[in-house]
Amino acid sequence: MRNSGVAMISVDEAQRIVLSHTHVMSLEKVDLLTSLGRVIGEEIIAPFNIPPWNNSAMDGYAVRFDDIKNASFDKPTTLKVIEELPAGFLPKNQVGPMQATHIMTGAPIPPGADSVVRKEDTSFSGDNVYILAPPNKGENIRLAGENVMRGEKVIQARTVIRPPHIGMLASFSKSFIAVYQVPTVAILSTGDELIDIDEEGDSSKIINSNTYSLAAQVKECGAVPLMLGIARDDKREILAKITQGLSADVMLTTGGVSVGEYDFVKDVLEDIGGELKFWNVAMRPGKPTAFGLVADKLIFGLPGNPVSCMVCFEQFVRPALLKKMGHTHLFRSQIEAVLVDDVKTKKDLRFFIRVRLGFREGVLCATTTGDQGSGILKSMIQANGLMVVTEDKKEIKAGEKVRVQVLDHIFELENH
Ligand code: AMP
Ligand code: MG
C-alpha cells in the first residue's frame, strides 16, 4: 500500500506502536567507571559484610563499659593502655579488666572491649588513660554489616548506575559490570535547501541545524549519534544514505516526510522493503512524523522544522532509545504547574507548548516562551518544559492547572 489514505493516529497510539517494536539490547561488560549512567543488567548481592568487623567510629579508647561506667571528671577511672591500634591493623590483645586499647577511627574493636570512649573525654599520662566521662554502652562502635550484610540484595537489575552505586560496586571489588548496550543512531537531514555548517551557499540556502540538535539529543540520552550529513530531495540520494544508515541500530531522518512534491522519505522506505507503521500523528508541532521498520531496525522520519523535529524526538525517539538501553522509566516526568498566560490550541490535536517553569511566591508556574512557530528554536532554548495540552481542549486560560513535561530540572526560584 502506498502511503496516502491512512488516518492520523494519536500520540499515545504512536508511542505504543513505537515501543511495541522496540527491543532491549544485549548486555556487555564495561569497566566500573564506564558503567556510570548506564543500566545494569545484573542483580548485585553483597558478597560479604561491610564493614567486615565491628570498628571504632572515633579516635579514643576501646574499653569494657562495666569498668568505666561510673567515671566522671571529678572521679576519673584509670585504665592501663595495652596497645595502640591504627586503622588498617588487627588487634593483637584482648582488653582485660581495667585495660584499654588506644584505637583510631576505622580500626577493628579488640576482643573484650564493648564501647569506645572519645579521646576528648580522656586524659593520659604514661601508660595510663583517665576516663573523664563514660559513653553509653556500645557507643562509638560501627557494627559489622551495618552498611550491608552478606547476601543482601543491594542493586536490582535495570537500575541506572549513579555515583553511590559506583562506590558500592567498588567496595565489592567489582571492576567490570554487565550493562545494556547503547544503540548507534544514524542521522540524515534531507532537503535541497540545506547546506552544512562549514559550507558556503547562496542566499537561497539554509544551514542544516537539525542534524546537530538531534545528535545532541541522542547524546543526552546516552546513545551514540552517527552523522550522515545531507541528502538532496532526490530519491536515489536518499536511498543511498538510508542504506548506509541501516548499519546503525536506529535511523533518524529529518525533512521530506510531508505531502510536498519533493517529500520522498516515505517512498524510499517503502521501496527498500520497509514497513511504514505510521506517518501522521495528531500533534502540533510534529504532525508529519513517520515511523517504520526495515528488517528489525527502527526508522523515524522526523519533520524538517527544527522545533517539530526536536519535539518528535522527545515524544517518540527518546523513549525508544531509553527502552533499548534497558531503562524502565521511559518518559519525561510530568509536573503540575499554574499557567501564566492564555494559550489557544485546536481540538483533536495534542499540543506541546514551550514553557518556562519557575516558582512565583512558592507556586510552580509555567510561562510560554514566546512565538510557538515550529521553526522558532529560540523559544525552545528558553523553555525548560513542554506543556501538554490534550486533544479535548481548544484553549487554556491563565490560572488553570496544566501538565508539563520537564526537560530540565533546574527551576528558577525567583520571578520569571
Ligand atoms: P520539510 O519537512 O522538508 O518540508 O522541511 C520543513 C522546513 O524545515 C524547511 O522549509 C526548512 O526551513 C526546515 N528544515 C528542514 N530541514 C532542516 C534542517 N536539517 N535544518 C534546519 N532546518 C531544516
Ligand atoms: Mg524538505
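All values below were derived from every heavy atom in this structure, side-chain atoms included, with hydrogens, water molecules and symmetry-related copies excluded. Indexing begins at 1, ligand by ligand and atom by atom, following the structure's order.
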- Message: Evaluate Asn305 for polar contact with ligand 1, using N/O atom pairs at a separation under 3.5 Å.
- Response: yes

- Option among Val404, Val11, Val389 that satisfies the side chain to side chain contact (heavy atoms under 4.5 Å, CB included) test with Phe352: Val11

- Message: With a 3.5 Å distance limit and no angle check, can you tell me whether His21 reaches the backbone of Val18 through a side-chain donor-acceptor pair?
- Response: no

- Message: Can you tell me which portion of Ile230 lies within the under-4.0 Å heavy-atom range of ligand 1? Options are side chain, backbone, both, or neither.
- Response: neither

- Applying a 4.0 Å heavy-atom criterion (strictly less than), which segment of Ser189 is in contact with ligand 1: side chain, backbone, both, or neither? side chain

- Message: Below the 3.5 angstrom mark, is there an N/O of Pro306, backbone or side chain, next to an N/O of ligand 1?
- Response: no

- Closest protein heavy atom to atom 19 (N) of ligand 1, given as residue, atom name and distance to 0.1 Å: Asn208 OD1, 2.9 Å

- Heavy-atom contacts with Glu193 under 4.0 Å: which atoms of ligand 1 show up? List them by number with element. 9 (C), 10 (O), 11 (C), 15 (C)

- Any N or O on Gly256 sitting closer than 3.5 Å to an N or O of ligand 1? yes

- Item | Protein contact to atom 21 (C) of ligand 1 [nearest heavy atom, distance to 0.1 Å] | Ser209 OG, 3.3 Å

- Can you see which heavy atom on Asp263 is nearest to which on Ser258, and at what distance? OD2-CB, 2.9 Å

- Leu194 near ligand 1, heavy-atom distance under 4.0 Å? yes

- Answer yes or no for Arg158 and Tyr180: cation-pi contact, defined as NZ/CZ to six-membered ring centre under 6.0 Å and angle to ring axis within 45°. yes

- Might you confirm whether atom CG of Leu33 has over 12 heavy atoms from other residues, nucleotides or ligands at distances under 6.0 Å? no

- Measure from the side-chain N and O atoms of Gln217 to the backbone N and O of Met310, and report whether any donor-acceptor pair falls under 3.5 Å. yes

- Message: Heavy-atom distances under 4.0 Å decide this one: backbone, side chain, both or neither, for Ile207 against ligand 1?
- Response: backbone

- Atoms in ligand 1 with a heavy atom of Ile206 nearer than 4.0 Å: 11 (C), 12 (O), 22 (N), 23 (C)

- For the residue pair Leu228 and Gln244, establish whether any side-chain heavy-atom pair is separated by less than 4.5 Å. yes

- Distance from atom 5 (O) of ligand 1 to nearest protein heavy atom, with residue and atom: Gly304 CA, 3.6 Å

- Query: With a 4.5 Å limit on heavy-atom distance, are the side chains of Leu321 and Phe313 in contact?
  - Reply: yes

- Query: Do any nitrogen or oxygen atoms of Ser258 lie less than 3.5 angstrom from nitrogen or oxygen atoms of ligand 1?
  - Reply: no

- Heavy atoms of other groups near Lys346 NZ, more than 12 under 6.0 Å: no

- Under 3.5 Å, N or O to N or O, is Asn210 touching ligand 1 that way? yes

